Amino acid sequence: MTRKLTRLLTCLCMLGSLMFNDKLWAQQTISAKGVVRNEKNEAVEGATVTVENKSAQFLRVTVTDANGEFVFYNLAPGEPYLFTVTHTGYETKEMKGYRYEPGQPISLNITIASTSSQLSDVVVVGYGTQKKANLTGAVGQVDAKAMRDRPVANASQALQGRVAGMNINFGDGRPGSGGNLNIRGFGTINRGSISTPLVLVDGVPGNINLINPRDIESISVLKDASSAAIYGARAAFGVVLVTTKSAQKGKTTISYSNNFSWQTPTVSTNFMTDGYDVAMMMDEAFTRATGNSYTRYTDEDYAELKKRQTDKSLPSVVIDNRNGRDMYIYYGNTDWWHTMFRDKMPSMQHTISLSGGSEKMDYYISGRYYNQKGMMRINQDEYNLFNFRAKINAKVAPWLTLYTNTQFNTDRYDYPGWGWNSNFVSITVHALPSYVPVNPDGTATYRTELNNYTIGDGIYADLLYGKSKGQIANYNLQNTIGGIIKVTEDFNITANYTYELNPAGEGNTHEWSRRTRAPWSVYPGIISYVGQDRYIEFLRLDQYHVLNAYGTYQKSFRRHNVKLIAGYNQEFRKNKLIRGERSDLLSEDLNDLNLGTGTNLASGGATEWALMGFFGRINYDYKGKYLLELNGRYDGTSRFPKGERFGFFPSISAGWRISSEKFFEPLTGVIADLKFRGSYGSLGNQLTSSPYPTTEVMGNGKNNWLINGSRTQYLSMPAPLSAVLTWETTVSQNVGIDLGLFRNRLTASFDLYRRTTKDMLTAGPTLSAVFGASSPAQNAGELLTKGFELSVTWQQNNKVAGKDFYWSIGGVLADYTSKITSFYNPTWRLSDYYAGRSVGAIWGYITDGYFVSDEEAAKWPRDKIEKSLVYRQIRSSPGEWNTLRAGDLKFKDLNGDSIINNGANTLLDPGDMRIIGDSLPRYSFGITGSVAWNNFDLSFFIQGIGKKNWYPGNNADKFWGPYSRAYYSFTPVGFRDKIWSPENPNAYFPRLRSYEALNDGGTLRQPTDKYLQDLAYVRLKNISIGYTLPVKVMRRFGFTNCRFYVTGENLFTLTKFETKYIDPEMAATEVNGRVYPFMKSYAFGLDLSF
Amino acid sequence: MKKQLFYILLLAGMAGCKKGFLDRAPLAQISPTTAFRSESELNLYIRSFYDRMLPNADNDDKGFSLYNEGIDNIIKTSLPVELTGNRTVPVNGGGWNWSELRNVNFFIQNHRNGGLDESVTNKYLAVAKFFRAYFYFNMVARFGDVPWYGEVIASNDSAKLQKPRDPRTLVMDSVLADIDFAIAHASTDAKPDEVTKWTALALKSRICLFEGTFRKYHTEFNLPDANRFLAECVEAAEELIAGGKYGIFTGSAQPYRDLFSTYTVRSDEVLLARHYSSNLQIFHNLNYYTLTPSYGKPGLEKKLVNSYLMQDGTRFTDKPGYETMPFAEETANRDPRLAQTIRTPGYTRIGSTVKRVPDFAATVTGYQVTKYVMGEEDDSFTRSYNPLIIFRYAEVLLNLAEAKAELGTLQQDDIDRTIKLLRDRVGMPNLDMAAANANPDPYLAAQYKQVNGANKGVILEIRRERRIELVMENFRWNDLMRWKEGHLVTWPFKGMYFPGTGKFDLDGDGTMDIWIYTGDKPLDPDYHYLKLGSEIDLENGVNGGNVVINKNISKQFNEDRDYLYPIPSGEIQLNPNLTQNPNWQ
């Protein structure tokens, strides 16, 4: 690996030197040099410096480095030169009349002023930008720095925890797995959406998980109604604006970066591998629930297993005659996890970008390759991603700029087995350590004849054969062409059209999966086969058209500043799907529908929808002190019928920069900046589960009723629809404070919000069952979400050992609660929403320790136990085990009827249930810190949540072990110590019984306070240490930047979670935690610019 | 140029806002307004009934599954609440599911929207009415009075949604009208995977026998017309027999076994079966269910085993010492259907010559079920794919004999064309009606307490025959309900007899097979050990007795309440006009 890297580095260096050999070999004379600083005396990186001699038509451009330094070589002597420094967020600075005398290089010390005297940044907002100082809405922003050094597959991994109020979670740790975004928490009970924000990449709906994170210049998160209202019908749950990098005018800059990382699961993979111990435990648990042993090992078998605990030389497979046949009997000590999975997987990424241009024309071209190997040991899975982007601006006339922005993203994930996640589920059953993967003759194992169960459902036999596999792939191509017409100095018109092929996010472009029959044996010499030979392929053609046109008018009348935007947007998307399936292929290695000889199944599907909207915004401020903004959008959607399809979504916001008032002046030494702001507005949500929520369509499909040996196609009744359906709307209120203290070393923002979601598109009030269908969706119910967001940053520059020592620390904290305020549920059924229900409320039972003796257990009246929901599983046990025993879980009888159940399961009669927890995440936070000194830099990022309750699902194998199914393959090491016994009366788990956590009537199945988990965690998401070569050294090689770094992801986690075998982030998204594990990684990398 | 471009943009913008841009209709699904224009659409629609409305393989263990029978025929480690007295009024669910009726009614209401002529549509309407009759029959059997809906209910039709229950008599007359329409118009071809005139006749005989006997025995409900329904049953069965399309399968050495253990449906006897396919990966779980401990270890109940006659036609329960016979002796010379239903000495798996004894790890009673079981290649979890029967000719013959016996019109001649055919198949002597009536079996009479009158003896024999012939085909619960013999579920469930602890040779081949022990497990590998008290329970513990199952589960049947199911309380909340069934709280 290292050799590969060295070679790559050498190649790159050679490439660099070839392209710039004029610099290296020709005489280089420094003619002018300088440093650019801001008012805080901080070096300004990335400022564009031009040197110009208009009469000689001479122009040269460079960019300042991390130290704010720039340099020009070989200027013609004499000549009055004009130096210009420009940088986003700063006033342009010009310095005239410099003359260069050979031997006396021009030396410049330039200070540039922020465009706003205090809060200097410009923030991207809907259809434009806004000075941060003038913002009146709640907008969070992340810049390119957050993407740096992160050896991540996609930007959502780097964004998690960066913006207060933006929640990102991941369904699994599969290579390339993208995050789910959410802003300000639970938004709606609407069946068709999960409160996802609208994500726009360069103004066009896009997918943040598929673009090159290194292309991202900034990300704006529009959180409140006022900032999002310009997107109307799709902005109910916020908007995320991703802006990609634009060209740096001047000489071509090439940037290259890479990183190489090694990943390893965040969870422990140290499972019990002792065949004897596990079999004993499983049999004990199983016998108590079913009356007989699971493994069906005889005592003699057990004796054999016992011997192999100490004598590893004994064979783990023997041939014995049972039931009249010779068969393999297994006495193994197999580590199935590591037979199936790897612990270390490499990944790497390379990105390159070219940027440059002149006044008339500029360009930015970038590419990226990301590769991650997965954890499957046999036929390792692999993820590959390519990104490409080209942006070109052409100023074809003083009043007209044309631009084009093209992106092509393609990713591909290849996996072995039956499906990338099903591998992780199948292997969790029946692969006990006492079984082995392979028979002595090399054939795979599958069924054990002692008990008829199938080891790992046969997944290992299948993987070993290696022919079952699949692939998912996306091919996303997007092109925007547009122009900006400068009608007058104050008035611009922007128009663009985007065509996108196969937008990511709603299914993959191409998928195929292959199953073959895999050989196995249990009777020596007799091969059987598991599975079937089948090939399935999906192909999706998804086309998206977006048209935007808007005008911007901006004018200052003395101290009155006005900005107006008005425009039109329309979108149309058409999706087509083709699915084919064949069985019995001519080849086991080739995968195509053409090869099928058996079943021939094809299906399709097509949908389309359209949106149009007229939008406008008015900004007004007086001396930058009193700020007012009005937004509105009139939106129409094809999803609703005529008359219901248009909605108007207005918002208003205002701000007062009190720090600009005269009377505030005495305080400005401490409080440099203080702004109050508030907003109020309404937004829409048109997302329904079907694009045709108001058109009745007949059901159709294929059913399993066979006629003449074939599956039958059928038509069935349409799902009933509500007569009237329209927008779901949210009304949000936001108040905020922006604060800058101690000459803006400390900046802080605080927002408080309230969002009411009205007319939620959801199932209507429950109808009598005789209706015969689920209640048609309608606008019903109301939800209130309240929360706050705080972000604080301290940054400072000191001198340490004569060098600049820059450091900063910042944090974000957010919290919200959601409550149903209105829902038609006249009988207050707990199985449905009801007014007043906290959305995340978990109802459950209160435990009261264990029965300390059989006598105590026997005191509970028998007829009451019969009726107790929680003891139903125990009551169905055989023989002596169907009574309560010492060590069984005791429950508090809250309603005094001695029957532990859920009563009528209504709010008025919840039986012995109480609200025991809340499943919504509370107190999400992120802490970032960075230090830079003497070319070294260090940054870290910590993320976590303060509280989130979770009750393990009934198949959470690594939590419950044999308490769920007494045949789970993976039992955590030390599990025995958690099992109650007379000697261990305070153990975590009660008396060992199988199926208690699996079946509805089990003591562990219903949520209880005792086993309710708190998934609160603090995680060191990233830490990076970098070293930038000194400018002098870099120049010698012709680099403008050269930085090496090492970085780590997810290195350290603190959590209250009971088990370290399930990741707390993972448990939050999958109730059984049976998914592709999350990874931590260690990486090193390089950043180069020249 | 600037100006021109501006105009072009403006024009393009206006063109973009074309009318109808937001009018988008579904592209890949048809709307009800354009449906039913061709016969093939009608055919497609009726196919939506089969999969969802006909019983499935593994669902539950009462009415709606094909082999997973419980009640007092096949005993498992756990018992359904119907038997334990733990029945409660559910909040919702509980069988009060009406979505399939909506699907059928949608067809009945709209099938002529496409303008097709009755001569074309009636064939399909017949199938829809068959399914509506089937739906309502099951609802009435479960709940008694239920509201009748002949059309799709609109979501705002509160009159229909708040409708009270209709009387059982009205609903059943509507069911009769539906099934008569189906008989008159359904296809007359015999197909084992589609509903035909013959299936409709079989269903009618089933429904009418149920309703006729229910009304006869449940005098507490004061229902009229019991005999009318019995006569309708006779008529339907006679018409099916007269059709001459079906007979009793006899084409193999073990014809009773091979009627079920076959991949190719025996279409000479089977009217309708659910088919499975290895090719299409559509499986059921039968082999696994009978061979592993995971599904409650099903086993035949002792009283049922006792009711199999001797091969010469005499009663096993008349033999002295029948109660304490060891397994090999008790299973010798019995009705051959016993050996084709459970493992008896000499049993071999299909495709194997190895003799197998009952496996106590897979059966609680020791009478391990083999009906429907295929060869070892199907032994994995959900890997069975032999067809499962829904309607077969033998049931219709039994229906006919029983209906006539209950009507008092039964003659020996009727037995000769019904019961005799079933007996002939397995080489059993015929049932002699006069002899049976002259000497009613006291063993059965003790169980079926409601049977009286001149035909008592033959009715008991018909019930014996029905229980044996149709075991595991899920008739038992409805039979007990209509006969008003619910108390039978509370009788203790028993299995094989063992005189005490020790080693036993189950199949009489001279080698010991199992060892029932107490205390520490003996160290000898050649036995299947069963620890008394945990792995096996005997009636008198170390002093032996029959295997007892569910020893600690008390069983109850409330005669004043349990013949009907409760209506979910949530539904009564939603529709206060629904009244609850008697004595349900």
Side-chain angles (χ1 to χ4, degrees), chain A residues 290-292 296 298-300 323-324 399 447 452 454 495 532 547 549 568 570 598-599 604-610 612 636 638 645 692 695-698 703-707 709 711-718 720 767-773 776 827 866-867 876 878-880 882 904-905, chain B residues 2 5 9 13 16 21-22 24-32 35 41 44-45 47-48 50-51 77-78 86 91 96-99 101-103 106 147 149 153 155 161 193-194 275 277 279-282 291-293 354 361 379-381 521 523 525 533-535 537 552 570-571 573-575:
Chain A
T290 67
N292 52 276
R296 315 273 299 270
T298 62
D299 278 4
E300 198 190 34
N323 288 329
W399 54 271
R447 210 164 73 206
N452 263 309
T454 51
Q532 86 225 66
L547 187 69
Y568 171 74
Q570 77 171 40
T599 338
T607 55
E608 60 179 18
W609 53 256
M612 64 161 69
S638 65
R645 64 169 53 138
Y692 311 107
T695 311
E696 278 199 339
V697 290
M698 305 282 284
N703 58 39
N704 285 346
W705 182 267
L706 305 182
I707 293 183
R711 292 177 67 193
T712 44
Q713 195 77 35
Y714 68 86
L715 279 175
S716 61
M717 65 172 173
L767 299 173
S768 291
V770 293
F771 181 63
T827 51
E866 302 272 1
K867 292 191 170 125
S876 76
E880 58 188 316
N882 74 358
N905 201 32
Chain B
K2 191 167 165 183
L5 191 75
L9 268 179
F21 180 69
L22 294 180
R24 303 284 165 181
L27 301 169
Q29 288 159 299
I30 60 168
S31 143
E41 282 175 66
L44 278 174
Y45 196 100
R47 287 180 173 175
S48 69
Y50 289 85
D51 199 13
T77 47
S78 61
N86 289 340
V91 177
W96 192 257
N97 184 334
W98 295 75
S99 60
L101 177 67
R102 184 182 184 91
N103 191 40
F106 183 86
Y149 294 103
I153 307 170
S155 64
L161 290 169
D193 43 19
E194 291 191 55
H275 291 71
S277 161
N279 255 346
L280 298 169
Q281 300 280 296
I282 300 170
L291 294 166
T292 69
V354 179
D379 282 357
S380 299
F381 176 62
K521 196 171 180 178
L523 281 174
S534 65
E535 286 167 310
D537 274 319
N552 297 320
E571 292 298 326
Q573 280 173 348
L574 288 165
N575 175 9

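The model shown is predicted, which means the values in this text are computed figures rather than measured ones. Convention: sequence-line order gives letters A, B, ...; per-chain numbering from 1.
- The nearest pair of heavy atoms linking Arg47(B) to Asn703(A) is O-ND2, 3.0 Å.
- When all heavy atoms are compared, the tightest approach of Ala610(A) to Arg24(B) is CB-NE, 3.8 Å.
- Side-chain atoms of Phe106(B) and Pro718(A), non-hydrogen and from C-beta on, do get closer than 4.5 Å to each other.
- Counting heavy atoms from C-beta on, the side chains of Leu161(B) and Val770(A) come closer than 4.5 Å.
- With sequence neighbours excluded, the residues satisfying side-chain hydrogen bond (donor to acceptor under 3.5 Å, both in side chains) with Gln713(A) are Lys702(A).
- Only the side chain of Thr292(B) comes within contact range of chain A, judged by heavy atoms closer than 4.5 Å.
- Contact check for Ser768(A) versus Glu571(B): side-chain heavy atoms found under the 4.5 Å cut-off.
- Separating the CG atom in Asp51(B) from the CG atom in Leu706(A) is a distance of 8.5 Å, to the nearest 0.5 Å.
- Interface remark: Tyr692(A) contributes side-chain atoms only to the contact with chain B (heavy atom separation under 4.5 Å).
- The heavy-atom pair separating Met698(A) from Ala35(B) by the smallest distance is CE-CB, 4.1 Å.
- Of the two parts of Ser716(A), the backbone and the side chain both hold a non-hydrogen atom closer than 4.5 Å to a non-hydrogen atom of chain B.
- For a residue to count as touching a neighbouring chain, one of its non-hydrogen atoms must lie under 4.5 Å from one of that chain's; by this rule Ala769(A) touches chain B with backbone and side chain alike.
- Separating the CG atom in Asn103(B) from the OH atom in Tyr714(A) is a distance of 9.0 Å, to the nearest 0.5 Å.
- Proximity to chain A (any heavy atom under 4.5 Å) is shown, for Leu291(B), by both the backbone and the side chain.
- Side-chain contact between Pro720(A) and Ser155(B) is absent, with no heavy-atom pair separated by less than 4.5 Å.
- At a 4.5 Å heavy-atom cutoff, the contact between Arg447(A) and chain B is made by side-chain atoms alone.
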